[in-house]
Number of protein chains: 2
Amino acid sequence: MTHRKAQRTSAQAPDAPAAPLPAAPLPAAAPPAPDSARPGDLAERNVLVDLVAVVVAVSHDEPRVLTLDNGASLPAGPFGSDARSLQTGLRDWVERQTHHPLGYVEQLYTFADRDRTGADGQRVMSISYLALTREQAERRAQAEGTWLGWYACFPWEDWRDGQPAVVREILAPALMQWAAAAPSTVMRAQRRRRVATAFGLDGATWHDEMVLQRYELLHEARLTPESLRHVPEAERPAVVAPGHAMTGDHRRILATGVARLRGKIRYRPVVFELMPETFTLLDLQKAVEALAGRRTHKQNFRRLVEQQELVEETSEMSTTRVGRPARLFRFREEVLLERAIAGTKPAG
Amino acid sequence: MTHRKAQRTSAQAPDAPAAPLPAAPLPAAAPPAPDSARPGDLAERNVLVDLVAVVVAVSHDEPRVLTLDNGASLPAGPFGSDARSLQTGLRDWVERQTHHPLGYVEQLYTFADRDRTGADGQRVMSISYLALTREQAERRAQAEGTWLGWYACFPWEDWRDGQPAVVREILAPALMQWAAAAPSTVMRAQRRRRVATAFGLDGATWHDEMVLQRYELLHEARLTPESLRHVPEAERPAVVAPGHAMTGDHRRILATGVARLRGKIRYRPVVFELMPETFTLLDLQKAVEALAGRRTHKQNFRRLVEQQELVEETSEMSTTRVGRPARLFRFREEVLLERAIAGTKPAG
DNA sequence: CCGAATTATACTCATTCGGAGCATATAAAA
DNA sequence: TTTTATATGCTCCGAATGAGTATAATTCGG
């Protein structure tokens with residue numbers, strides 16, 4: 001069978017849909033496993049399961065993620081058999097540890113590659129979650145963990161002031177060199193094309209939601225500290241991409257979360273989970289721009305928000321610093337119901 | 001804290017993005033788990049992990065899913081510690097069992113609710129995958145499993161001939177009755193709104209990708225056989241939604257896969273994984289219509305496909321049954337590279 | 001108190017894109 | 001030869017989107 005070449009296309013597109021509901025109201029017995037498919041004994045089949053959370057908040061025009069050990073890793077906890085569901089397990093765990101109430105929570109991805117092993121060499125599987133919250137000043141004191149800016153981890157992702165210098169001066173040359181170092185002509189061309197589309201070079205446009213592709217590309221090109229951990233000093237390349245690295249593959253998980261949020265923000269009103277009770281339209285715009293890492297046209301942004309009826313006026317005005325005072329708005333909770341956006345099960 | 005009501009918005013939106021890459025080229029050690037967060041001993045933490053596959057093919061204008069035991073369940077297998085990664089584990093497993101080579105594979109969701117228990121009462125966790133393939137006639141003989149039409153499972157999802165009678169005559173009345181049976185006025189209104197938006201009633205438009213919401217709604221309203229398993233005969237409602245039920249929560253997993261594929265088909269050229277080497281534009285349109293469960297404007301469909309340069313002409317023409325013979329086309333593999341669609345890592 | 005600076009907010013214009021229809025071409029069947 | 005069915009090319013319209021212009025309401029620096 002001479003089939004198409006890309007037969008084994010893998011599944012790393014940056015935008016898969018669907019995330020199902022938690023436990024159904026009624027218990028549904030798990031299906032009996034087919035006998036033919038039970039090789040190995042139980043011990044071999046058992047794995048440790050961790051929950052990892054990408055907890056996001058926005059403050060001072062900067063999206064931040066909650067980290068432990070001074071930014072070394074994401075909050076993670078064991079998945080105990082006592083948890084009712086994954087979601088509640090995660091929610092309880094993170095809230096207990098960080099004292100931050102989580103708003104929106106959604107499953108990201110489950111990682112279980114062979115190299116992910118724990119202390120005793122047992123395989124560790126991580127189920128990652130994206131969680132949105134408001135960074136609350138009064139809670140900051142008791143909260144463990146530190147809020148780390150997204151763009152400290154991914155400096156190349158912030159295009160709010162145009163193409164960052166990192167891209168032009170460091171990453172683009174290094175990636176192109178990596179592309180040129182490929183063994184065959186075909187691979188060189190392929191790599192160049194991948195680099196160009198991912199980083200918006202050669203006239204390609206920048207796609208803000210391709211966060212994961214870009215990180216993986218840097219990883220593959222050995223430009224991240226994470227990818228160099230087991231490479232002997234001698235063989236290391238001269239350049240390393242700037243940006244705060246993390247333990248294990250936590251930065252990859254973070255990239256997954258950032259990508260997901262950037263994609264979602266377009267067609268679902270999730271920004272409001274990150275906003276205070278009332279806000280001006282400029283506040284809202286700044287938050288969206290911070291998350292997307294790019295500027296938007298002011299008037300068009302307002303038109304969009306208003307014609308979609310996402311917000312409603314309050315009688316109050318902002319205590320303006322300078323310029324004409326702006327009206328304070330409030331999110332219209334009704335839209336969650338109207339458009340069946342928050343999932344099938346409403347709160348309560 | 002009198003915060004917003006929908007504070008605990010859950011994460012069941014029908015369209016989350018992002019699915020990361022498999023194992024990074026270099027091993028990355030897993031982060032040491034924080035000691036403070038290790039309650040329970042190992043035995044308590046261990047869970048069984050299964051892989052469940054939603055394998056999709058299209059034949060005779062009907063999308064089908066691969067099932068075992070005459071449609072009773074989806075192919076599922078244990079996740080052994082020997083598998084290199086989840087993807088390859090799944091791929092090997094399904095290909096060995098069904099003799100069907102998988103094309104595109106992507107992770108769907110990880111289920112681990114408390115009620116999911118195995119034979120010995122241990123908790124079972126399922127990582128579900130969506131896989132696309134071509135149903136190959138010559139392999140059908142040796143392949144185990146049967147191809148079950150989507151719409152046998154979800155009759156209400158096929159709108160190719162307009163609103164199905166099931167919706168109007170059975171589901172809509174039953175759901176509205178369920179809504180009316182809610183304890184409070186607020187809940188009644190909420191339920192009505194959810195039903196209307198999910199099923200396109202009361203002037204709301206039908207959204208083909210809300211497959212999961214609809215299934216969950218039926219489940220919650222106790223209209224599915226799955227939701228009635230542990231309900232005593234006496235308490236069962238009079239009506240049950242028609243449609244082929246499955247073991248455990250396999251139909252929920254299938255709904256997740258259908259939703260994902262319907263969403264994805266819009267902006268990623270994944271249909272071609274389901275098409276033969278060459279095809280007419282009508283073939284392609286029929287496949288898309290079958291998956292989406294709704295008709296499309298012929299001329300506009302062609303315009304879209306051609307202006308996006310997804311296909312290229314072949315010299316051959318279809319041996320037409322009746323009418324003017326159509327040109328055979330072929331998928332332009334290049335688009336996968338050009339748009340970085342197939343993920344970061346190209347085949348090989 | 002005045003003008004400059006700054007921000008808010010209301011309109012307008014052009015382009016693109018998606019839905020829907022009309023017209024014509026090419027085949028088999030009646 | 002007419003009918004029927006499909007393929008294929010083209011036009012029209014309205015909604016959504018990108019980008020610019022104009023005016024209003026403040027603070028701030030003299």
Side-chain angles (χ1 to χ4, degrees), chain A residues 60-61 159-160 162 200 205-209 265-269 275 278-289 292 294-330 335 339, chain B residues 61 159-160 162 200 203 205-209 262-263 265-269 275 278-289 292-330 339:
Chain A
H60 301 103
D61 295 344
W159 281 56
R160 281 175 293 177
T205 48
W206 175 263
H207 293 283
D208 54 27
E209 77 287 354
I265 218 173
R266 302 235 177 92
Y267 51 102
R268 298 287 132 130
M275 301 296 293
T278 62
F279 46 82
T280 69
L281 291 180
L282 186 61
D283 290 339
L284 188 63
Q285 183 180 0
K286 291 281 186 192
V288 170
E289 288 179 345
R294 60 154 88 199
R295 295 247 171 271
T296 58
H297 186 101
K298 187 168 178 173
Q299 291 86 337
N300 293 345
F301 179 83
R302 300 168 58 92
R303 176 175 61 187
L304 202 74
V305 169
E306 288 184 333
Q307 86 181 6
Q308 293 198 155
E309 297 182 304
L310 294 175
V311 297
E312 59 192 5
E313 293 187 352
T314 69
S315 52
E316 294 164 77
M317 304 292 272
S318 73
T319 61
T320 178
R321 312 151 272 269
V322 60
R324 174 172 166 179
R327 183 172 291 282
L328 285 174
F329 289 84
R330 177 191 303 121
V335 303
R339 309 187 197 164
Chain B
D61 294 343
W159 282 55
R160 281 176 294 179
T205 49
W206 176 263
H207 293 285
D208 53 26
E209 78 286 353
R262 281 188 171 178
I265 218 173
R266 302 233 177 94
Y267 51 104
R268 296 288 130 127
M275 301 295 295
T278 61
F279 45 83
T280 68
L281 291 181
L282 186 60
D283 291 339
L284 187 63
Q285 183 180 359
K286 291 281 185 191
V288 171
E289 288 179 345
R294 61 155 86 199
R295 295 249 169 268
T296 59
H297 186 100
K298 187 168 179 173
Q299 290 88 333
N300 293 345
F301 179 82
R302 300 168 59 94
R303 176 175 64 185
L304 200 76
V305 170
E306 288 182 333
Q307 87 182 6
Q308 292 198 160
E309 299 183 303
L310 295 174
V311 297
E312 60 192 4
E313 293 188 350
T314 69
S315 52
E316 294 163 79
M317 303 291 272
S318 73
T319 62
T320 178
R321 312 154 273 267
V322 60
R324 175 172 166 180
R327 183 172 292 282
L328 285 175
F329 289 83
R330 176 190 303 121
R339 308 185 200 166

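The model shown is predicted, which means the values in this text are computed figures rather than measured ones. Protein chains get the first letters and strands the later ones, always in sequence-line order, with residue 1 at the start of each.
Each of B:Q299 and A:T280 has a nearest nucleotide on DNA chain C; the 5'-most of these lies closest to A:T280. The 5' end of DNA chain C is approached more closely, in terms of each residue's nearest nucleotide, by A:P325 than by the other of B:L304 and A:P325.
In this structure, B:R327 contributes its side chain and B:T314 its backbone to a donor-acceptor pair below 3.5 Å.
A:N300 has its CG atom 15 Å from the C1' atom of C:dA8, to the nearest Å. For the pair B:R303 CZ and C:dG19 P, the interatomic distance rounds to 8 Å; values are reported in whole Å. When the P atom of C:dC17 is taken as reference, atom CZ of B:R266 falls 18 Å away, rounded to whole Å. For the pair A:D283 CG and C:dT9 P, the interatomic distance rounds to 11 Å; values are reported in whole Å. Between B:Q307 atom CD and C:dG19 atom C1' there is a gap of 13 Å when expressed in whole angstrom units. In this structure, A:E306 atom CD and D:dT17 atom P are separated by 15 Å, rounded to whole Å. Between A:Q308 atom CD and D:dA15 atom P the separation is 16 Å, expressed in whole Å. Straight-line distance from the CZ atom of B:F301 to the P atom of C:dA20: 16 Å, rounded to whole Å.
Using a 4.5 Å heavy-atom threshold, the side chains of A:F329 and A:L310 count as separate. Residues A:R266 and A:D208 meet the side-chain proximity criterion, which asks for heavy atoms closer than 4.5 Å. The closest side-chain heavy-atom distance from B:E306 to B:L281 is below 4.5 Å. Inter-residue side-chain proximity for A:E289 and A:F301 is flagged as unmet; no heavy-atom pair is nearer than 4.5 Å.
Listed nucleotides: C:dA8, D:dG18, C:dT6. Nearest to the side chain of A:V322: C:dT6.
At D:dA24, none of the side-chain N or O atoms of A:R324 fall inside 4.0 Å of OP1 or OP2 (strictly under the cut-off). In this structure, B:K298 does not reach the D:dT8 phosphate: none of its side-chain N or O atoms is under 4.0 Å from OP1 or OP2.
Between the side chain of B:H297 and the base of C:dG18 there is no donor-acceptor pair of N/O atoms closer than 3.5 Å.
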